[in-house]
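Just so you know, residue 1 is the first one in the sequence shown, and it goes up from there. Everything quoted here is computed from the prediction, not taken from an experiment.
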Amino acid sequence: MVSGNLFHCRKNSWPPDEYISKSTLQLFDFDSASPPEQAWRRKLNGHANLLKEFSVTFVEAIKMVRLGIRLWSYVREEASQGRKAPIDPFTKEACKPSASQGVPLGGMGSGSISRGFRGEFRQWQIIPGTCEASPVMANQFSIFISRDGGNKKYASVLAPGQHEGIGKAGDSGISSWGWNLDGQHSTYHALFPRAWTVYDGEPDPELKVSCRQISPFIPHNYRDSSLPTAVFVYTLVNTGKERAKVSLVFSWANSIGGISHLSGDHVNEPFIGEDGVSGVLLHHKTAKGNPPVTFAIAACETQNVSVTVLPSFGLSEGSGVTAKDMWDKMVQDGQFDRGNFSSGPSVPSSPGETLCAAVAASAWVEPHGKCTVAFSLSWSSPKVKFLKGFSYHRRYTKFYGTSEKAAQTLAHDALTNYKRWEEEIEKWQRPILMDERLPEWYKFTLFNELYFLVAGGTVWIDSSVVGKKMANDHDELVARIKEDDIKATEAKVSGRGEEVSRTTTTTTLNDFSGVEFDDEENSTSSSHVSEDELMVPLKSGYTDRSYQTYKVMDPGNTEEDVGRFLYLEGVEYVMWCTYDVHFYASFALLELFPKIELNIQRDFAKAVLSEDGRKVKFLADGKYGIRKVRGAVPHDLGTHDPWNEMNAYNIHDTSRWKDLNTKFVLQVYRDFAATRDMSFGVDVWPSVRAAIEYMEQFDRDGDGVIENDGFPDQTYDTWTVHGISAYCGCLWVAALQAAAAMAHELGDQEFAETCKSKFLKAKPVLEAKLWNGSYFNYDSGSSSNSKSIQADQLAGQWYTASSGLPPLFDDFKIKSALKKIYDFNVMKIRGGRMGAVNGMHPNGKVDETCMQSREIWTGVTYGVAATMILAGMEEEAFKTAEGIFLAGWSEEGFGYWFQTPEAWSTDGHYRSLIYMRPLSIWGMQWALSLPKAILEAPKINVMDRIHVSSASTKFFHHETGVRRIATKAKCFGDSVFNCAC
């Protein structure tokens, strides 16, 4: 809990009146047109500097040369198959990253488009796993103003003319437009999921303009938050003495980024819809067999606002209507011809031709009067197709269907519902924004870091069942299965989850003659799932019977079925739901969309009990292993065939990693403790047991603590660990306690006793091996960095406290270690203005053992700050986290707003932009406002209720394999690569 007064609190560091005149703010003080008190702000003429990427040292390069050669070869091999490797450091984007990002558009999981703070539409992620970073400069808002009977005119694109490709004289493209905005008196204000751009007398000194961008990201709303749409509400205030005719134009290219607009066969058509909503549909035929996309741009006609359209224009001389013609028409008439609505679909575009459209909304604004004009943008790409062929329907199709006309309905509903969305957003954000105990920078950074759940690459499908193969992908599936032997493990179990027998089979294509292939038009969401039931014993008090049946989530219940959700580790590390990173980021989903979080955990729970016996070459050492080992938590859910082909990461054999299984147990218990969802607990419990039992093999000497194996066998995958380590050892001890508590809650008393006994044995060993009087050593080895101060050494304690469990160590040790981290890892790096460096030697020098030991990880820093809050060290916590804000988000920083990287070096050079882990700032908010179920947990100490009998001293590490799994653990639908329970 946060104390009454935070020492490190700057309440007025970003006041809006430093960016906008007070008189202008007063003019917009209605209808949410004025930007909020707390927001991230920039002037539109601010320079968007190019970002500097990290580089490895000569010594690091020598160490990684063999890995680099193998990785290069793997990247080329994937490219030859038309696929992008999950990690490809060799291929660079043509558009160099710059400090230009802003709040992205749309909800989650339906493709995203980002919008820079200066107004450009960029970072296109319509196709899963593909990010087109370059802006499409034809996509603009422009304004045309006429006063005094047309004798006084202003016309300008509402973006400063500082972009590449602008300024070519004499052509018929967008260079012919009026790029007249200086941006000195125009400002951008961001508070995700909304943004405000205020034009304070630009281009007309007597017209104040506010543009409010709204997207339907609404916590706990699993319908509207899936919608691919956004609204732009313009508020016009005329401060002059004469009426003004104001026309706003929204222009849009038929493109999904990159050079997709040049592929040809694109068609535009105008529409007139209900409630005055009119606009243009832009039907885009994607390349490489990807599903088509339809855009809708629209405006709402009212008593004072008239809407006209230009259904098609081009960017070159050969076009029937050019961009120059469009601009000249608006300058002259302030509107397009009404007859354009009846023009019908355009002729399909030719290859190499860019097809654009525009919507104009015109209104008279009286002297000292006000007017509101609303536009919407929507995009409908109903089908998700992954490169290895499986196809699904996006979640929004559950409500809007799969027709091309869905984009029109989405655009309409956005314009009629946005006020309700804003009310819900404000209701959600208000308590945090009004909390005077919190620093201002924290409030808006907390919300703005959520950009990743839209712009980080997300897929949200409409069914809780993984879909079947589409018919047109049959040949690829056949070819793939022919190449591989698939090893399936089937276990027969008793009602208590104890294994009776196990059968392992190796399967080839001939064994799958009965596999069903859907035809192209069928939705995968229609696949039926049986209502399998899982029976486990429950502790007394929950039921008067010894066994209670709980149903797994019923997909037929629309209240419960929130679909399946994927999000990338990052736009540069293209792996879905990377689990060691989700450990940090998951606090955001648990807080805001808990049903999605529980479903992700269910996916991994099923994966634990699966095995994929196909051979994989691991690039770090060149050795071969199998893709997925039974009992091991996968690193990720895959890249090109998620849910069905997991572990796209192939640098190391992650079945030997020491943090994935423990993180699974800790996340599951935290989610279970916070939601008290007994059905969830029952669903995943067999996998929790399996995950704990699997880890026993890594306790080499039987002292109760797992050992690392002398390679980077955890999330720090270049940082070698020897023996017992602070990071993995702490996670292991925490996982034992969590498993014991969960076993007790679910009535598995034998396993509860076993885990508690193991915990009581392991804890003193961990302390004896690593505690040095002020912090826990990096590891128990004898290397030069074994005594390093690791910022993340108390990750297990973070989760323990976040879950309401008793602390792992006494209060002195926890606070002493955190104080050491604060004094060394935080404050010795530019006075605490950059975050916490991962490793620091006791002599105060940065640990330069490897690339990652010398990096500052943004998400880890937030996690450390959360741990400090839970330990009662609020001042140190906010100072630690503020370093990420100062280095990444402030005007004096390095320019990483809305693209927070995984890491930066002490000189500010980034690694992996737009990354998942910084969502861990929501771990801080979790610590500040623990849910009631967690707050009450210390009063009911579950561990004290577990009686350890003499029989429980017989541990399970002498048994082979995973001994117990659950009956009907609900494997992945039609996947042939997983266990056949």
Side-chain angles (χ1 to χ4, degrees), residues 51-57 60-61 63-64 67 86-89 92 97 99 101 445 449 451-452 456 568-575 578 580-585 649 651-652 659 712 714-720 727 778 785 788-793 795 821 824-826 828-830 832-840 846-866 880-890 893-921 923:
L51 305 179
K52 296 181 179 179
E53 192 171 8
F54 84 107
S55 59
V56 297
T57 65
E60 291 166 353
K63 289 180 180 178
M64 293 191 289
L67 167 62
I87 301 174
D88 178 7
K92 301 299 181 184
Q101 300 286 34
T445 306
E449 287 284 18
Y451 84 93
F452 185 84
L568 290 176
E569 179 178 338
V571 296
E572 296 177 41
Y573 296 162
V574 187
M575 294 164 282
T578 299
D580 55 307
V581 185
H582 181 68
F583 175 79
Y584 298 83
Y649 177 92
I651 304 296
H652 299 288
D659 63 338
Q714 24 72 48
T715 193
Y716 299 90
D717 60 353
T718 69
W719 199 357
T720 298
Y727 184 66
Y778 176 68
N785 70 322
S788 284
I789 308 160
Q790 184 180 12
D792 215 1
Q793 63 185 268
I821 293 165
F824 280 69
N825 301 60
V826 177
K828 288 187 181 296
I829 305 297
R830 299 200 182 183
R833 298 178 62 84
M834 294 197 70
V837 70
N838 283 337
M840 179 72 80
V846 173
D847 183 346
E848 297 187 349
T849 303
C850 66
M851 173 183 72
Q852 291 176 345
S853 64
R854 62 181 172 88
E855 286 181 329
I856 294 157
W857 283 14
T858 52
V860 168
T861 298
Y862 287 142
V864 170
T880 296
E882 189 185 28
I884 302 301
F885 166 74
L886 293 172
W889 288 82
S890 75
F894 300 106
Y896 298 129
W897 44 83
F898 299 101
Q899 52 188 333
T900 314
E902 156 75 315
W904 51 64
S905 58
T906 53
D907 56 5
H909 294 188
Y910 74 89
R911 180 170 63 82
S912 187
L913 293 171
I914 311 180
Y915 195 78
M916 180 198 293
R917 204 180 319 247
L919 284 171
S920 60
I921 192 173

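In summary, the side chains of Glu449 and Trp889 do present a donor paired with an acceptor at a separation below 3.5 Å, with no hydrogens or angles considered. With no hydrogens or angles considered, a side-chain donor-acceptor pair links Asp792 and Tyr584 at under 3.5 Å.
When all heavy atoms are compared, the tightest approach of Arg830 to Met834 is CD-SD, 3.5 Å. The minimum heavy-atom distance linking Pro97 with Leu913 is given by the pair CB-CD1, 3.6 Å. In terms of heavy atoms, Gln101 sits closest to Trp897 at O-CD1, 3.2 Å. The nearest pair of heavy atoms linking Tyr573 to Tyr915 is CD1-CE1, 3.6 Å. Nearest heavy atoms, Tyr451 versus Thr900: OH-N, 3.1 Å. Across Val837 and Asn825, no two heavy atoms sit closer than the pair O-ND2, 2.9 Å.
Remark: Met840 CE to Glu848 CD distance equals 10.0 Å, nearest 0.5 Å. Atoms CD and NZ, on Glu572 and Lys92 in that order, are 7.0 Å from each other to the nearest 0.5 Å. Taking CD of Glu855 as the reference point, atom OG1 of Thr718 lies at 7.0 Å (rounded to 0.5 Å). Rounded to the nearest 0.5 Å, atoms NZ (Lys52) and OG (Ser905) are 10.0 Å apart. Remark: Ile856 CD1 to Ile884 CD1 distance equals 7.0 Å, nearest 0.5 Å. Note that CD of Gln790 and CG of Asn785 are 9.5 Å apart. Values are rounded to the nearest 0.5 Å.
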Set out, in order, the CA-CA distance, both residues' side-chain angles and the distance that settles side-chain contact (heavy atoms from CB on, under 4.5 Å) for Asp580 and Gln714, then state yes or no. CA-CA 8 Å; Asp580 55 307; Gln714 24 72 48; over 6 Å; no

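Using a distance-only test at 3.5 Å, with no hydrogens or angles considered, no donor-acceptor pair links the side chain of Ser920 to the main chain of Gly923. With Thr861 contributing its side chain and Ala836 its backbone, the two residues share a donor-acceptor pair below 3.5 Å. In this structure a side-chain-to-backbone donor-acceptor pair under 3.5 Å is present from Gln899 to Gly895. Put simply, the side chain of Glu569 never gets that close to the backbone of Met575: no donor and acceptor are under 3.5 Å apart. Distance alone, capped at 3.5 Å, is enough to place a donor-acceptor pair between the Asp659 side chain and the Thr715 backbone. A side-chain donor-acceptor contact under 3.5 Å links Asn838 to the backbone of Gln852.
The shortest distance between side-chain heavy atoms of Pro86 and Tyr649 does not fall below 4.5 Å. The shortest side-chain heavy-atom distance between Ile829 and Val846 falls under the 4.5 Å cut-off. Between Arg854 and Thr906, every side-chain heavy-atom pair lies at or beyond the 4.5 Å cut-off.
Using cut-offs of 30° and 60° on the angle between ring planes, the pair Trp904 and Tyr896 is parallel. Between Tyr778 and Trp719, the angle of the ring planes stays under 30°, which puts this pair in the parallel group of the 30/60° scheme.
Here Tyr910 and Phe894 keep their ring centres 6.0 angstrom or further from each other.
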